[in-house]
Structure formats: C-alpha cells, structure tokens
Amino acid sequence: MNIEKARKTAREIVAGMTAEEKISQLVNDSPPIERLGINEYNWWNEALHGVARTGTATLFPQAIGLAAAFNPELMHSVASAISDEGRAKYNKYIEYGARSIYKGLTYWSPNINIFRDPRWGRGHETYGEDPYLTATLGVEFVKGIQGDGEFLKAAACAKHFAVHSGPECVAHRCDTRMPDKD
C-alpha cells in the first residue's frame, strides 16, 4: 500500500467513526472498534535508551550518557536500532494477539526537557542543560525512531517539554512561576 492510499483509507475510517468512537481512541488503552476493523491499542510505551519493559532488549546508555558523546549521528543510529527492535517485538506480539501496555509502536521518547536542577530525579532521561544540544539530539532521535521510509517504523512522541523538572509530587497541580530565563 502506498502512502496516498494509506492516507485515503485512514480518512475514510475516521469519517466513519462516531464521536464516541473517536473519543474512545484518545486514551492510553484504546478499545477496539470491531465494525471498522480497528484493534485495541495501548499507546503507553517508552524507548529512552532501548525498548522499555518488554523482556529482553538491547540497552543503550541513558539519554544523559548518550548526550555526553555530542554526536548526532550516533543518536540517530541508536534510535534507529531501538525502533528496528521495537518493530520486531511488535510484530511478534501481534502474531500472538498481545496488544497490552508496552507492546505498541508509539514511544514516549525523547525527553526534551532541559535539565535545570540536579535534584530532579529524572535528569538522566534528558540530554542535559544545553538547549542547542537537546534540540539537535532530540531531532536525530525522532528521525531515527521514525525512519527514513515512506511509512513510520515507529512513532516518537517528545515529552516533558519546558520546565517539567519537578517536583514530581505536585507537577500536575502546582502553579509554577518561572523566571524569564527559564
């Protein structure tokens, strides 16, 4: 199937969905829509330094360690290897009808937040404190995960944008007043 045919098919499927069915697809564990041939799908997956939580997988250095190489080509290669492995795992899971959490092709990676405070416990997921390096490596990670072909190998979803670096216990309910510099 070429890309134009795939887009046309996707538009037709979405046009045939009710509002309730569309809304049902906006949660982590989207239910099937059998009348349209849509299988259940769980969007929750990570690949910051390898395919997470899926059994045996290649483990690369954490993002902060990869960033220390200052090497965009290396980042692209690592991400490409991650999505190759993730695609192989996904294909095997589908063969066995396994569609639960951590088995999809949507990766909540990379973490492009700037590491501003060493007390934040998730700084190792970032590319460090430099915005230029973070942008450069983040772009290469996304390109590596998604591939260079007509279709995506997997889907990267950048996370933890600006000023997400804690405190975790109140990250979603506090009124954070950021200085202009941040």
K8/E12 ion pair, N-O < 4.0 Å:
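A salt bridge links K8 with E12.
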Measure from the side-chain N and O atoms of [X] to the backbone N and O of [Y], and report whether any donor-acceptor pair falls under 3.5 Å.
X	Y	value
E150	I3	yes
K89	T54	yes
H49	F60	yes
T134	P131	no
S83	G86	no
E85	I82	no
Q25	P31	yes
E129	I114	no

Tell me whether R35 at atom CZ has more than 12 heavy atoms from other residues, nucleotides or ligands lying less than 6.0 Å away.
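Counting other residues, nucleotides and ligands, CZ of R35 exceeds 12 neighbours.
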Examine the side chains of Y41 and T106 and answer whether a donor and an acceptor come within less than 3.5 Å of each other.
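Yes, T106 and Y41 have a side-chain donor paired with an acceptor closer than 3.5 Å.
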Regarding K153 and S80, do their side chains bring together a donor and an acceptor under 3.5 Å, going by distance alone?
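Yes, a side-chain donor-acceptor pair sits under 3.5 Å.
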Is there a side-chain contact between E73 and E140, using heavy atoms and a 4.5 Å cut-off?
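Side-chain contact under 4.5 Å: no.
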